[in-house]
Amino acid sequence: MAEENASETQAKNSVWAQSIKVHDQMAVVWRLIKLARPSYLMFAGAILFAGITIIFDGYLPFILQNFMNKQLNDASTSVKAIVSFALIFGAIRIFSALLLYFQNFWYTQASEVALNNVRKKLYRKLHSLGMRYFDQVPGGALVTRVMNDTESFFDFWQLFLSLIYAIFSIISIYIFMYFSNSGLSLGLLFIVPVTVFTIWIYQKYSSAVYRNMRSKLSALNAKLAESINGIETIQNFHQEDRMKHEFADINQEYFNARFRMVQMDSRLLGPMNQLLLGMSTVFILWFLGNQSFSSAVAGGTIYAFTNWIENIFNPLNNVQQNLSTFQDGMVSGYRAGKILDDITYEPAQNDGADEKITEGKIEFKHVDFSYDGKTTILHDLSFTAEPGQTIALVGHTGSGKSSTINALMRFYEFQKGQILIDGHDIRDLDPVDFRRKMGLVLQDSFMFYGDINSNIRMYDQSITDQQIKEAAKFVDADKFIDSLPKTYETPVLEGGSSLSAGQKQLISFARTIVRDPKVLILDEATANIDTQTEAAIQNALKHMRSNRTTIAIAHRLSTIKDADLILVLDKGSVVERGTHRQLLAKKGYYYDLYKMQSMENAGK
Ligand SMILES: Nc1ncnc2c1ncn2[C@@H]1O[C@H](COP(=O)(O)OP(=O)(O)OP(=O)(O)O)[C@@H](O)[C@H]1O
């Protein structure tokens with residue numbers, strides 16, 4: 001029940017469920033036009049061709065009218081006159097078909113180029129955003145925004161063309177009709193307000209139905225993502241039936257929403273247009289019939305007017321059928337705009353920051369840190385790591401160990417105090433040098449699609465194969481790599497699912513050490529690793545730490561007994577500090593922690 005409420009709340013909170021204000025819609029339209037900037041020239045060319053096609057569409061019935069009224073009624077007309085008419089008519093048709101081809105080709109091409117640009121722009125923007133942003137927006141939602149939402153921009157730009165096409169068709173056809181029969185053309189103006197009204201009504205009702213449908217689709221996607229991501233837990237806790245029922249319920253709601261949409265489209269659009277077309281034709285026949293009592297009405301005029309009227313309704317039909325695209329474009333544009341306008345950037349360095357890390361001395365001076373600017377997580381944190389020293393951070397879960405690393409690595413901005421490296425304010429350090437000299441090894445090392453080589457080299461071509469082998473040897477990863485059939489060329493899947501947790505750790509050690517960092521930051525793995533690999537890892541860590549300043553998060557206190565300084569954290573404050581011996585002698589917080597772990601280990 002709680003789960004159902006959660007998905008309902010999610011559906012209600014989705015952008016689809018909320019109507020977007022007219023002012024915001026205009027801003028989105030303007031943004032979508034601006035995003036298409038790299039394709040302006042191609043769009044303009046396609047629109048120009050569309051303009052010429054429109055004029056031909058209006059002109060052809062006019063020539064036919066003249067032909068029928070003059071040539072066909074004139075007994076003295078020559079074969080030459082008829083053939084030249086046919087040639088002109090045929091040439092215009094062929095030219096118009098060619099223009100249509102170029103118009104479609106250029107416009108679609110222009111939309112593709114614009115789409116490509118938007119995707120690149122969004123991706124670049126995501127990489128400029130800080131961790132704080134990713135804490136707030138789920139990864140699945142971002143994939144939808146960069147991939148699916150941008151697809152609807154494509155349709156939106158197509159709709160834009162059909163709209164321009166329809167407006168210019170109507171104007172041009174009315175001009176031709178006016179020259180053919182001014183009274184009748186003015187009478188037919190009634191189509192314009194009626195059509196605008198129909199579109200308005202349709203838009204008003206369909207937008208609610210459409211938004212409802214899209215919010216159900218979002219909920220359905222979310223349910224699917226949840227089932228795939230949580231498949232292990234679902235199977236483990238026998239949740240399959242519950243998930244199946246919940247999915248079936250949301251799927252049914254989506255079906256119902258789609259059904260309402262189809263019902264509405266088929267009720268409103270097609271029949272309404274047919275009705276209007278019928279009424280217009282009746283009006284033409286009535287008007288010309290009436291006129292024929294006072295003066296002769298030529299057959300060509302009737303033909304031309306019925307043709308023109310159809311030429312007005314065709315593009316209108318096109319626009320109406322794509323109106324749901326407008327809703328799609330609005331919401332997608334709104335969501336993409338939110339990413340592009342987001343200012344949750346990575347913490348910035350000071351202007352002209354170019355100081356380099358040379359020794360690796362680290363100082364925290366009265367640092368306060370908060371993720372959201374409201375709850376302070378680290379309070380008045382101070383410590384110094386002299387070059388080559390190892391500082392260990394210990395404490396219960398949630399005590400602030402990872403947060404200390406997050407502030408030191410500049411993943412998040414800290415609010416108060418100072419962090420100095422080699423005496424320089426951390427904000428004055430050259431960002432490229434900073435990332436290269438600070439070697440971070442996380443608990444969960446991410447593996448990229450490629451092979452072991454590329455995962456160690458990380459696409460830095462200045463690193464040689466020899467250096468990769470030396471780094472692997474240094475961290476004791478060479479033995480397991482050499483035992484694989486393809487050694488360093490062994491393929492690695494995204495996430496490293498083909499490797500064990502310990503092997504991934506060793507590769508990530510090699511990845512860090514090959515860059516020869518000045519400072520090592522370790523988040524000790526808590527994953528269960530077999531004793532042999534564990535010994536290899538501990539050995540590698542010892543090796544890596546020698547001659548490097550190391551800040552290590554230690555979950556097992558036995559691994560940091562030799563640290564130069566141990567900081568015991570509790571609720572973001574240092575409650576004890578000293579060496580292993582000093583802290584044991586104190587018989588305080590650390591002593592209790594150590595005792596507890598020793599007892600746990602003895603019990604195993
Ligand atoms: N990205 C985040 N956004 C907001 N609060 C966070 C974030 N990460 C951690 N916190 C909060 O900061 C506090 C300290 O968490 P931190 O991850 O630093 O603890 P830790 O000592 O590393 O814990 P563990 O040993 O479980 O990894 C916790 O209260 C946690 O809820």
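Numbering of ligands and ligand atoms starts at 1, following listing order. Keep in mind that this is a model prediction, so the values were computed, not measured. Quick note: residue numbers are just sequence positions, from 1.
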Engineer: Quick check on atom 31 (O) of ligand 1 - does any protein heavy atom sit closer than 4.0 Å to it?
Structural biologist: no
Engineer: In terms of residue, atom name and distance, what is the protein heavy atom nearest to atom 16 (P) of ligand 1?
Structural biologist: S403 OG, 3.6 Å
Engineer: Using atom types as modelled and distance alone, determine if a side-chain donor or acceptor of K437 lies under 3.5 Å from a backbone N or O of I357.
Structural biologist: yes
Engineer: Identify the protein heavy atom lying closest to atom 9 (C) of ligand 1, giving its residue, its atom name and the separation to 0.1 Å.
Structural biologist: Y371 CE1, 3.5 Å
Engineer: What's the shortest heavy-atom distance between T487 and D482, and which atoms?
Structural biologist: CG2-O, 3.7 Å
Engineer: Please confirm whether the backbone N or O of S370 pairs with a side-chain atom of Q415, one donor and one acceptor, at under 3.5 Å?
Structural biologist: yes
Engineer: Which ligand 1 atoms, with their elements, are less than 4.0 angstrom from a heavy-atom of H396?
Structural biologist: 21 (O)
Engineer: So does D351 have more than 12 non-hydrogen atoms from other groups sitting under 6.0 Å from CG?
Structural biologist: no
Engineer: Provide, to 0.1 Å, the distance between atom 1 (N) of ligand 1 and the closest protein heavy atom, together with that atom's residue and name.
Structural biologist: D135 OD2, 2.8 Å
Engineer: Tell me the closest heavy-atom pair linking L408 and F434, and the distance in Å.
Structural biologist: O-CZ, 3.3 Å
Engineer: For ligand 1, is any non-hydrogen atom under 4.0 Å from T397's backbone (N, CA, C, O), its side chain (CB onward), both, or neither?
Structural biologist: both
Engineer: Closest heavy-atom contact between R577 and K586?
Structural biologist: O-NZ, 4.2 Å
Engineer: Short check: is a protein heavy atom less than 4.0 Å from atom 7 (C) of ligand 1?
Structural biologist: yes
Engineer: Show every ring-ring contact (aromatic ring centres under 6.0 Å, His included) that has at least one partner inside residues 346-377, sequence neighbours left out.
Structural biologist: F364-F383, F369-Y371, Y371-Y412
Engineer: Say whether G395 and ligand 1 are in contact under the criterion: heavy-atom distance to a ligand atom below 4.0 Å.
Structural biologist: no
Engineer: Would you say the side-chain atoms of D422 pair up with the backbone N or O of H424, donor to acceptor, closer than 3.5 Å?
Structural biologist: no
Engineer: Look at atom 25 (O) of ligand 1 and say which protein heavy atom is nearest, naming residue and atom and giving the distance to 0.1 Å.
Structural biologist: K401 NZ, 2.9 Å
Engineer: Using a strict cut-off of 4.0 Å, indicate which atoms of ligand 1 neighbour a heavy atom of S399.
Structural biologist: 19 (O), 20 (P), 21 (O)
Engineer: Can you tell me which portion of Y412 lies within the under-4.0 Å heavy-atom range of ligand 1? Options are side chain, backbone, both, or neither.
Structural biologist: side chain
Engineer: Measure across A385 and T549 and return the closest heavy-atom pair with its distance rounded to 0.1 Å.
Structural biologist: CB-CG2, 3.8 Å
Engineer: For atom 23 (O) of ligand 1, which candidate among G398, G400, S402 provides the closest heavy atom?
Structural biologist: G398
Engineer: Looking only at protein heavy atoms, which one is nearest to atom 11 (C) of ligand 1, and what is the separation?
Structural biologist: I377 CD1, 3.9 Å
Engineer: Would you call M131 a ligand 1 contact, heavy-atom distance under 4.0 Å?
Structural biologist: no
